[in-house]
Colleague: 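Attaching a single structure in structure tokens format; questions to follow.
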2 protein chains.
Amino acid sequence: MSEQRHDLGASFAWLARAMIKGEAPILQAHDVEMWDYVVLVTLERGPASTQSELAAASGRDKTRLIPILDRLEARGLLRRTPDPADRRNRVVALTTAGRELLASCRSAIREMEAEFLVDLDPDERATFVAVLERLADAVRER
Amino acid sequence: MSEQRHDLGASFAWLARAMIKGEAPILQAHDVEMWDYVVLVTLERGPASTQSELAAASGRDKTRLIPILDRLEARGLLRRTPDPADRRNRVVALTTAGRELLASCRSAIREMEAEFLVDLDPDERATFVAVLERLADAVRER
DNA sequence: TATTGTTATACTCTATAACTATA
DNA sequence: TATAGTTATAGAGTATAACAATA
């Protein structure tokens, strides 16, 4: 009975840590912090109509989001525009430069990930990646 | 092309967060902090011959481990005994009480996990859990 | 001199609560 | 009065370096 598996939470945490380490040199080469990248990724599907919404979607809170947006906007990677309909809101959207930087980061990360999964056989790998995506999406929706 | 999957790191991180949330009420009911539990789990396979070794295995560092060990030892869940061979070292081992508390936490966590995976079909689930374990173990060994 | 366990210090990150501007 | 965005403050968590005991 000593051959028990680890808790799912522990395994997820170790793997998250490993991937963060693997992404670090890539993000550094593009001069973005991890959370900068997370925000860019979140914006990829489309502009966020409010910053609070963006905060929730990216897993930060609205106060910690501010310096990130300041930094990225200063570099011309995104734009904050007041919403004419409700001028309290600021719509956040990627610029072309932001989209390009994101694409470059992503392809490097995909390579790193492929290397990481290289020992799995193709069927296993496909199942694993698909289930992982499905479970994570379910969690994100809550 | 907008139907891209998320980065593995992001998915792992969201899932880790979700499992930590799911474990919280269980650990609270047993009056242990998350890192207390991690240390108990690490000790389950056998005593740690030094605290630094235990720190590395549990993913903390040796200084942050101290208050955890103090707490758990005070509750009689583990024991620190000086190593006669090298009296600088302190061997850390679970007590019976520690092992019992651990077993109780674990079975509750396994129920929570089963509930979390309930929508997967059995084959998928088996593959997913096995691959997850294998990948995480590979990462832990480094 | 080097290492184990420990303590102390400084630093970063995070959460909370105020503030402003709009509604 | 309530909400979006922002700023400021306090608290928790983390990393680093110093310390005592042993080798």
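Computed from a predicted model, the values in this text were never measured in an experiment. Labels below follow one simple rule: chain letters A, B, ... track the order of the sequence lines, proteins then strands, and each chain is numbered from 1.
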Colleague: For B/Ala136, is there any backbone N or O sitting under 3.5 Å from a side-chain donor or acceptor partner on A/Ser11?
Modeller: no
Colleague: For A/His6 and B/Asp137, work out which heavy atoms get closest and say how close.
Modeller: CE1-OD1, 3.3 Å
Colleague: For D/dT3 and A/Ser52 - does any side-chain N or O of the residue sit under 4.0 Å from the phosphate oxygens OP1/OP2?
Modeller: no
Colleague: Once you round it to whole Å, what is the distance between C1' of D/dT6 and CD of A/Glu73?
Modeller: 14 Å
Colleague: Indicate yes or no: does A/Arg110 engage B/Asp7 in a salt bridge with an N to O separation below 4.0 Å.
Modeller: yes
Colleague: What residues, two or more places apart in sequence or in another chain, satisfy side-chain contact (heavy atoms from CB on, under 4.5 Å) together with A/Arg87?
Modeller: none
Colleague: Rounded to the Å, how far apart are B/Arg64 CZ and C/dT12 P?
Modeller: 16 Å
Colleague: Rounded to the nearest 0.5 Å, what's the gap from CG on A/Leu135 to CG on B/Asp119? Could you check?
Modeller: 9.0 Å
Colleague: Can you name the ring-ring contact (aromatic ring centres under 6.0 Å, His included) partners of B/Phe128, sequence neighbours left out?
Modeller: A/Phe128
Colleague: Give the rounded distance in Å between these two atoms: CG of A/Asn89 and C1' of C/dA21.
Modeller: 12 Å
Colleague: Between A/Ile68 (CD1) and C/dT14 (P), how many Å, whole number?
Modeller: 9 Å
Colleague: Rounded to whole angstroms, how far apart are CE on B/Met34 and P on D/dG13?
Modeller: 10 Å
Colleague: Enumerate the protein-to-nucleotides 17-23 of chain D contacts in which both atoms are nitrogen or oxygen and the separation is below 3.5 Å.
Modeller:
residue: D/dA23; atom: OP1; partner: B/Arg87; partner atom: N; Å: 2.9

Colleague: Hey, which of these two, A/Pro67 or B/Trp35, hits DNA chain D nearer its 5' end, going by closest nucleotide?
Modeller: A/Pro67
Colleague: Rounded to whole Å, please give me the gap between CG in A/Leu65 and P in D/dA4.
Modeller: 14 Å
Colleague: In whole angstroms, how far is the C1' atom of D/dG5 from the CZ atom of A/Arg80?
Modeller: 9 Å
Colleague: To the nearest Å, give me how far apart CD (A/Gln51) and P (D/dT3) are.
Modeller: 17 Å
